[in-house]
Amino acid sequence: MVKRTRLLLRRPKSTKALNQPPGTVTYIGRKESAETRLEVIDYNKESFERYTSTRPEDAFDFENENKTTWINIDGLSNTAEIEKLGKYYNLHPLILEDIVNTNQRPKIDEYQDFIFVVVKMLYFPKEATSKTNGNLVSEHVSFVVGEDYVLSFQEAGGDVFDGVRERLENGKGRIRGNGADYLLFCLLDAIIDNYFEVIDHMGDQIEFLEEDLFQKQPSDDITFQIQELKRTILRIRRAVFPLREVLSRLEKMDTNLIQEKTRNYFRDLYDHITQVSENIEIYREMTWGLMDMYMTTISNKMNEVMKVLTIIATIFIPLTFIAGIYGMNFEFMPELQWKYSYFVLWGIMLMVFVVMLYFFRKKKWL
Amino acid sequence: MVKRTRLLLRRPKSTKALNQPPGTVTYIGRKESAETRLEVIDYNKESFERYTSTRPEDAFDFENENKTTWINIDGLSNTAEIEKLGKYYNLHPLILEDIVNTNQRPKIDEYQDFIFVVVKMLYFPKEATSKTNGNLVSEHVSFVVGEDYVLSFQEAGGDVFDGVRERLENGKGRIRGNGADYLLFCLLDAIIDNYFEVIDHMGDQIEFLEEDLFQKQPSDDITFQIQELKRTILRIRRAVFPLREVLSRLEKMDTNLIQEKTRNYFRDLYDHITQVSENIEIYREMTWGLMDMYMTTISNKMNEVMKVLTIIATIFIPLTFIAGIYGMNFEFMPELQWKYSYFVLWGIMLMVFVVMLYFFRKKKWL
Amino acid sequence: MVKRTRLLLRRPKSTKALNQPPGTVTYIGRKESAETRLEVIDYNKESFERYTSTRPEDAFDFENENKTTWINIDGLSNTAEIEKLGKYYNLHPLILEDIVNTNQRPKIDEYQDFIFVVVKMLYFPKEATSKTNGNLVSEHVSFVVGEDYVLSFQEAGGDVFDGVRERLENGKGRIRGNGADYLLFCLLDAIIDNYFEVIDHMGDQIEFLEEDLFQKQPSDDITFQIQELKRTILRIRRAVFPLREVLSRLEKMDTNLIQEKTRNYFRDLYDHITQVSENIEIYREMTWGLMDMYMTTISNKMNEVMKVLTIIATIFIPLTFIAGIYGMNFEFMPELQWKYSYFVLWGIMLMVFVVMLYFFRKKKWL
Amino acid sequence: MVKRTRLLLRRPKSTKALNQPPGTVTYIGRKESAETRLEVIDYNKESFERYTSTRPEDAFDFENENKTTWINIDGLSNTAEIEKLGKYYNLHPLILEDIVNTNQRPKIDEYQDFIFVVVKMLYFPKEATSKTNGNLVSEHVSFVVGEDYVLSFQEAGGDVFDGVRERLENGKGRIRGNGADYLLFCLLDAIIDNYFEVIDHMGDQIEFLEEDLFQKQPSDDITFQIQELKRTILRIRRAVFPLREVLSRLEKMDTNLIQEKTRNYFRDLYDHITQVSENIEIYREMTWGLMDMYMTTISNKMNEVMKVLTIIATIFIPLTFIAGIYGMNFEFMPELQWKYSYFVLWGIMLMVFVVMLYFFRKKKWL
Amino acid sequence: MVKRTRLLLRRPKSTKALNQPPGTVTYIGRKESAETRLEVIDYNKESFERYTSTRPEDAFDFENENKTTWINIDGLSNTAEIEKLGKYYNLHPLILEDIVNTNQRPKIDEYQDFIFVVVKMLYFPKEATSKTNGNLVSEHVSFVVGEDYVLSFQEAGGDVFDGVRERLENGKGRIRGNGADYLLFCLLDAIIDNYFEVIDHMGDQIEFLEEDLFQKQPSDDITFQIQELKRTILRIRRAVFPLREVLSRLEKMDTNLIQEKTRNYFRDLYDHITQVSENIEIYREMTWGLMDMYMTTISNKMNEVMKVLTIIATIFIPLTFIAGIYGMNFEFMPELQWKYSYFVLWGIMLMVFVVMLYFFRKKKWL
């Protein structure tokens with residue numbers, strides 16, 4: 001059954017890395033099979049070079065003076081390759097652990113020669129329609145930003161960074177003329193832009209459920225859909241909220257890896273992430289309200305059922321009683337012999353019927 | 001259907017600007033067609049000049065020494081014009097982006113030569129009666145305040161600033177004698193004054209719903225009205241709360257763009273916005289309580305329905321049973337031959353009836 | 001209807017002052033007609049003088065050296081008189097605006113020569129019994145405290161300050177020997193003492209409603225009483241909570257208008273206001289719990305109704321069926337001819353009846 | 001009735017001290033009649049002296065050099081005696097007011113020569129069984145701690161300090177070798193130890209109510225018991241939470257009245273009070289959940305009642321209808337003459353009955 | 001009964017240590033009988049020695065220069081032995097009290113020569129299946145960390161530290177080459193790794209209950225399971241939340257007991273504990289939502305029951321009435337003599353039946 005699958009997928013596989021010595025680089029995500037793919041982009045204001053490989057060693061030759069190098073690594077399960085890269089760039093084992101630990105929450109760590117940033121890329125898979133809750137995918141992305149290079153690590157290659165690649169290739173905008181810090185900004189900006197879409201998607205789902213409740217024919221598992229929605233919102237919150245601190249630190253950090261002019265851009269991102277957070281909080285409140293709406297919907301339905309029963313019973317039970325009276329077999333019942341009593345009785349019954357209808361109308365039950 | 005329309009309008013159109021390089025000036029609001037209109041007011045204690053145009057270039061000539069210039073721009077969709085203005089006043093591309101990005105939350109940014117302020121103007125459209133929830137309109141307004149000029153950017157021209165214009169023209173009050181910072185205060189004051197009206201409107205709606213619930217005939221879609229009310233309150237909150245920080249910063253900012261004597265006025269505005277915030281919180285609590293009220297209303301109704309059913313059934317089912325007894329066809333039923341049994345039976349039935357009525361009266365069901 | 005009136009009174013008349021230039025002294029309260037009355041008390045350790053007037057000019061003569069002057073102004077609608085006083089004491093227009101703006105929340109502003117304090121006086125009108133929710137009256141009171149004078153502005157003269165007047169006249173306690181700061185303390189103390197009474201009143205009302213719910217015969221509009229109670233508590237909160245900051249500032253303020261020895265007294269008041277706040281929070285929680293109590297009360301009642309119906313129906317419907325069987329007109333029904341079948345049947349029916357009773361007793365429904 | 005009494009006792013008698021000049025020493029507690037009793041204990045490492053009296057003057061002689069003096073005063077209603085003591089120890093009138101003001105919340109005030117501490121002693125009276133909610137008694141206790149003396153003021157003498165007295169007398173532990181600050185620690189420790197018992201008592205009551213709800217036979221006034229429990233938890237919270245600040249200040253206070261080595265002990269107490277606070281919060285959440293549990297219990301019961309009604313009605317109403325058919329008096333009803341129709345009908349009825357039973361079993365109603 | 005047992009076990013035995021002089025070393029846990037067992041591990045980069053004993057004196061000989069010593073003590077009830085150890089290592093009586101006081105919450109205390117850390121080890125006993133709530137075991141663990149030694153105190157020996165022991169023995173990883181601070185990190189890491197498993201277990205239980213509710217056949221005591229779940233989550237929270245401060249202090253503490261390079265590792269642990277905390281909060285929200293889900297499940301069931309009753313009653317009560325009419329014994333009832341009236345009546349009845357069915361189908365009750 002569909003439901004069951006969804007339930008099983010929910011469980012975070014956080015226990016896989018248990019009982020390992022700390023600093024062990026173990027991938028705990030779900031995309032084991034994926035091969036590690038490297039893409040190296042080397043650019044400055046004048047030139048642009050691009051190269052893909054599956055061996056990290058190929059990337060080392062690409063460092064040229066006066067150029068900014070962006071190395072994008074897709075696929076984290078092949079930890080040996082990542083450790084090689086780590087050795088070359090002199091990354092602490094704990095950083096390597098965080099790069100592949102998909103449970104790691106968004107954070108920023110400052111080192112002597114580089115900045116280490118972890119964020120979550122959120123998206124609903126393409127096939128998810130606005131009706132189903134879909135399974136929000138939260139992908140683990142890390143950045144190592146040095147003076148003239150950016151390393152980006154993704155679980156699976158997506159098309160989120162395509163816009164940045166294109167701008168780099170075409171030399172559109174300010175991107176080629178600025179350094180590694182501006183590249184970091186562009187990549188983060190691409191990720192955060194995606195949050196808006198996720199947020200919109202959530203808004204659609206809330207509206208969809210509200211519409212459902214309004215039509216008074218909510219599907220049977222609506223409480224589970226609402227519970228699922230809550231869960232998704234809480235997961236988004238967990239991915240988004242720590243980012244505020246990351247961006248605020250990027251703006252104010254005392255380092256010369258971030259140029260003065262780029263800080264404005266990070267402040268702008270901070271504003272965006274605050275907008276996203278505010279929307280999350282609103283959707284959260286709306287979602288929590290859905291359960292109450294559903295409860296009133298159920299109660300209203302019950303009321304309607306009860307009214308039908310009460311109207312029918314209240315009209316016919318007394319009439320049946322009257323009929324029962326004249327079904328008795330007493331020898332001395334004067335009415336039985338009267339000529340018109342049957343018709344008079346029908347009259348009385350009709351009257352009772354009409355009075356009852358009037359009573360229910362007055363009570364607005366009809 | 002009316003309802004449907006409202007649902008569709010709810011969705012924030014935040015995704016329009018997606019996949020644009022950062023710093024791209026893209027208008028994402030709903031008022032595409034509007035033409036950009038400029039109004040230039042140039043004044044000092046002695047003189048007052050006013051001029052409208054649709055070309056930003058016209059505004060550049062108006063800067064005179066010893067005068068304060070207020071340039072009000074209506075309509076944000078024509079981004080090319082706004083970029084021209086931005087170039088002339090040396091505004092950073094990110095500021096221009098924020099000016100036209102109607103999703104930008106209220107904020108204040110301090111620059112060397114000017115202060116940049118974003119606020120939200122809130123109003124219910126005129127046609128909205130106090131009964132319908134109306135659609136709260138949240139209009140994006142930005143200010144750039146230099147030493148002797150104020151630029152104000154609005155999505156659509158409204159009449160909110162008319163009072164300020166009039167006071168400027170008539171030279172009433174302190175407004176002509178003070179500089180650009182005091183003008184900013186007056187404009188913010190006009191916007192915040194409007195919040196009080198919005199807040200009052202919300203109060204009316206809550207009262208209206210409470211009255212409805214009190215009359216025990218809430219309309220069918222009351223849960224949706226309540227949910228909508230919540231949504232509106234949350235939206236107002238989002239527009240109002242960040243303003244506290246904006247005003248507090250305006251009061252305490254370390255700049256000489258704000259004169260010492262004007263700071264008192266900003267503190268006063270801060271007080272006002274705190275009042276508004278407190279009212280929002282109260283209305284919030286009241287609104288959240290409405291759902292509970294509705295729930296008890298439904299349950300009370302159900303109780304009433306059940307009582308009617310129970311009274312009727314409890315009275316007539318035993319009586320029908322008694323009638324049924326004497327409708328049996330046994331050959332040996334001594335009562336059937338007795339002369340007065342029919343009348344005795346009526347007496348018994350009446351007694352049962354009276355006892356039941358007494359029982360229900362004692363239970364306060366009647 | 002009583003209810004309606006209450007609903008209409010709820011609305012804060014905050015919009016009256018709209019569209020006025022800032023700093024305009026406009027009274028927005030409800031007590032338009034009241035005449036402005038001045039009372040001047042001039043005292044030091046040895047002497048005591050008291051004088052009342054309706055013209056502020058009379059007050060100006062009373063300032064003597066080595067004496068503390070308390071000028072109490074009752075009635076805020078006559079703004080012209082207040083502006084005169086403001087000019088004499090050199091008060092900023094924004095202060096005058098706050099003095100008459102009854103929406104102004106409690107606050108403290110420090111100026112060169114004086115301190116400006118706004119508080120709310122809360123009381124239930126005398127005629128309000130402990131049963132009705134009454135209409136909590138929140139009166140706007142402001143103080144201007146200079147080196148040797150206190151100005152107090154009230155919407156309407158009340159008897160709250162009578163105790164202070166008396167102590168001044170009799171020279172009881174420390175009051176005559178201390179300066180203007182101690183007088184301010186005494187006046188605030190009188191106001192805060194009243195909060196305790198208001199709080200007690202709220203406690204009585206909560207108890208009253210709980211008692212009502214316990215008797216299981218809550219009045220019809222109990223949800224509205226609870227909602228009203230919430231509203232009142234939220235209003236009290238709004239009046240009381242900002243006072244904590246006011247008093248804390250009075251204690252710690254870096255000014256020589258407050259003598260060192262008086263600061264202890266303000267700390268004491270701070271303690272009192274914290275007690276009041278804590279009580280408000282407790283009453284708040286209790287009130288929010290009342291709705292749940294009411295909900296269970298309704299549900300319990302419904303249960304009781306359902307039980308009566310079920311018992312009656314479950315006993316008599318099967319019996320009626322049995323009677324119905326022997327009311328059939330088949331020609332071949334052996335039981336009909338048996339001599340004792342009628343009496344046997346009665347026995348069976350009695351047995352069914354007893355078994356049912358036993359069943360319901362076992363289920364604890366009887 | 002028991003209930004009523006409880007209701008009346010709830011009301012805090014906070015209004016008694018109203019309209020008194022500030023600094024008036026007025027006892028507002030409930031133990032008016034109690035006589036003030038003094039107990040003086042004078043000790044150092046070598047010696048131990050103990051003396052009781054009812055006149056404060058007797059205590060003054062007991063101050064010896066190199067000895068620590070503990071004066072314990074029981075009974076606060078005799079304010080004249082307390083004022084005498086206050087004069088001797090040079091206590092500010094506001095301190096005396098706080099000593100007898102049983103509404104005063106826990107706090108700490110630092111003076112030149114002594115520290116003033118107010119705490120609440122909490123206990124359930126002995127006769128309260130774990131079943132009844134009992135009436136939590138909150139007793140007002142204050143301490144004045146000088147360099148070589150401790151004054152402790154209690155509303156009523158209890159046995160809480162007996163352990164300390166004993167240790168002093170026997171010279172067990174560190175108590176005799178340390179000064180007044182350590183004595184204060186021991187007394188506070190005795191009070192806080194009692195909180196654990198109160199907390200345990202609350203835990204028992206919650207469990208008791210849960211058990212009740214589990215047995216599905218909650219007593220009639222369970223909502224009131226829950227409401228009462230909430231009230232008690234809120235009262236405990238009010239007594240305990242401010243103590244955290246008191247103890248944290250005692251640890252960090254910049255004074256030489258607290259020796260360095262004693263500070264560790266206060267930190268330890270701080271830990272204890274945090275534990276108590278955490279438990280209160282947990283019990284709070286559990287208690288708030290009880291109401292929901294009760295609600296589901298009621299609804300489940302209703303479900304059960306409805307099922308019985310539905311089963312009986314659904315089985316017998318159709319059967320009665322069938323019997324009714326053959327009770328009709330039409331002249332031409334072929335079945336009436338058939339020989340076996342009566343028995344066939346019984347067969348049909350039995351079948352209907354069995355089918356119904358099967359249906360209900362399938363629906364798991366039986 | 002199982003339930004009862006669980007109820008009794010809930011009670012924290014916090015009162016056992018009551019009325020003891022402070023600083024008394026009293027074990028208040030549940031594992032009285034356990035013997036105190038010592039395990040001494042002495043290691044440096046080159047060597048590894050291991051020794052177990054039941055007498056603390058044996059441990060004292062093991063301190064060698066240039067080696068790190070880890071002494072693990074299992075079983076806290078034998079306080080005499082622990083006091084011996086305390087004397088040797090010069091531990092303050094309050095520390096010894098905290099070591100055996102299983103109520104002590106997680107904390108860190110810094111001393112001259114060592115750091116004292118208290119944490120909680122959480123686990124579900126092996127026999128607990130994912131279905132039952134199990135009884136979360138919270139074991140009290142303390143660490144004393146000096147320059148070259150770590151003392152660890154456990155209530156009962158578990159296998160949580162086995163991984164660390166193994167790594168020490170095999171000399172795998174960095175563990176042998178680093179000092180006592182790194183050992184502390186490894187031990188804390190082992191404990192925190194276990195939290196993830198506990199958290200997963202909670203997630204499973206929530207899913208299990210959701211599944212139950214989805215199947216619409218929740219077990220009878222589901223409200224108690226939910227209440228129990230809440231309680232467990234609150235207990236975990238209490239164990240986990242204070243740890244954040246402990247770890248943050250370990251990272252930032254101004255001491256040379258923690259080497260610079262180890263601080264990174266503590267920061268990493270801090271990240272882990274934040275992840276755990278966030279998960280707890282999410283599970284908390286989900287659990288609190290379960291009660292609402294259950295409530296809607298009950299209401300839906302009631303709706304279904306009511307529908308069955310209403311359908312049956314609404315169809316057969318009018319039919320029975322019709323049959324009752326022609327069961328009357330009036331002499332003049334023309335229909336009785338008509339030849340086909342019986343069959344016509346059947347036709348009418350069938351029609352009524354069909355119309356009713358159609359009505360219910362239209363209302364979607366069938």
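These figures come from a predicted structure and were not determined experimentally. Lettering of chains follows the sequences in order, A, B, ..., and the numbering in each one begins at 1.
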With a 4.5 Å heavy-atom cut-off, do [X] and [Y] have their side chains touching?
X	Y	result
M293(B)	Y294(C)	no
K301(C)	M306(B)	no
E278(B)	F241(C)	no
R238(C)	N279(B)	yes
E211(B)	F224(C)	no

Going from [atom1] on [X] to [atom2] on [Y], what distance comes out if it is rounded to the nearest 0.5 angstrom?
X	Y	atom1	atom2	result
I312(C)	T310(B)	CD1	OG1	10.0 Å
D109(C)	D268(B)	CG	CG	8.5 Å
L319(C)	I317(B)	CG	CD1	11.0 Å
H272(B)	D98(C)	NE2	CG	6.5 Å
N264(B)	L94(C)	CG	CG	6.5 Å

- Walk me through it: do R237(C) and E281(B) pass the test salt bridge (charged side-chain N to carboxylate O under 4.0 Å, His left out)? CA-CA 11 Å; R237(C) 228 158 67 116; E281(B) 284 311 282; over 6 Å; no

- Where T320(C) and T320(B) come nearest, the two heavy atoms and their spacing: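 Of all heavy-atom pairs spanning T320(C) and T320(B), the closest is CG2-CG2, 4.5 Å.
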
Residue among [options] with most heavy-atom pairs under 4.5 Å to chain C:
options	answer
I311(B), N300(B), L309(B)	N300(B)
D162(B), I325(B), N303(B)	N303(B)
M302(B), M295(B), R267(B)	R267(B)

- Task: Output every pair passing ring pair (Phe, Tyr, Trp, His ring centres under 6.0 Å) with a member in residues 299-322 of chain C, not counting sequence neighbours, ordered by first then second residue.
- Result: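 Matches after skipping sequence neighbours: F321(B)-F316(C), F321(C)-F316(D).
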
Determine whether a donor-acceptor pair (N or O, by modelled atom type, separation under 3.5 Å) exists between the side chain of [X] and the backbone of [Y].
X	Y	result
N329(B)	M328(C)	yes
Q227(C)	M286(B)	yes
Q275(B)	N103(C)	yes

- Please lay out, stage by stage, how K363(B) and E304(C) fare under the test salt bridge (charged side-chain N to carboxylate O under 4.0 Å, His left out). CA-CA 10 Å; K363(B) 277 196 170 272; E304(C) 206 190 335; 2.6 Å; yes

- Query: Going through the distances and angles, do R105(C) and D271(B) end up as a salt bridge (charged side-chain N to carboxylate O under 4.0 Å, His left out)?
  - Reply: CA-CA 8 Å; R105(C) 63 198 294 271; D271(B) 276 358; 5.3 Å; no

- When heavy-atom pairs shorter than 4.5 Å are enumerated against chain B, which of D292(C), T223(C), I322(C), I226(C) gives the highest number?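 Most heavy-atom pairs within the cutoff with chain B belong to T223(C).
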
- Please walk me through it: do K230(C) and E285(B) pass salt bridge (charged side-chain N to carboxylate O under 4.0 Å, His left out)? CA-CA 9 Å; K230(C) 285 187 188 178; E285(B) 297 244 26; over 6 Å; no

- Take atom CD in E331(C); do more than 12 heavy atoms of anything else shown fall under 6.0 Å from it?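 Above 12, so yes.
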
Can you tell me which portion of [X] sits under 4.5 Å from chain B's heavy atoms? Options are side chain, backbone, both or neither.
X	result
L345(C)	side chain
W346(C)	side chain
K107(C)	side chain

- Query: Given the rule in the side chain to side chain contact (heavy atoms under 4.5 Å, CB included) test, do K339(C) and F330(B) qualify, once you have shown the distances and angles that lead to the verdict?
  - Reply: CA-CA 9 Å; K339(C) 196 154 184 196; F330(B) 289 113; over 6 Å; no

- Task: Any chance you could lay out the ring pair (Phe, Tyr, Trp, His ring centres under 6.0 Å) test for Y340(C) and F332(B), step after step, and finish with the verdict?
- Result: CA-CA 7 Å; Y340(C) 298 108; F332(B) 303 94; 8.1 Å; no

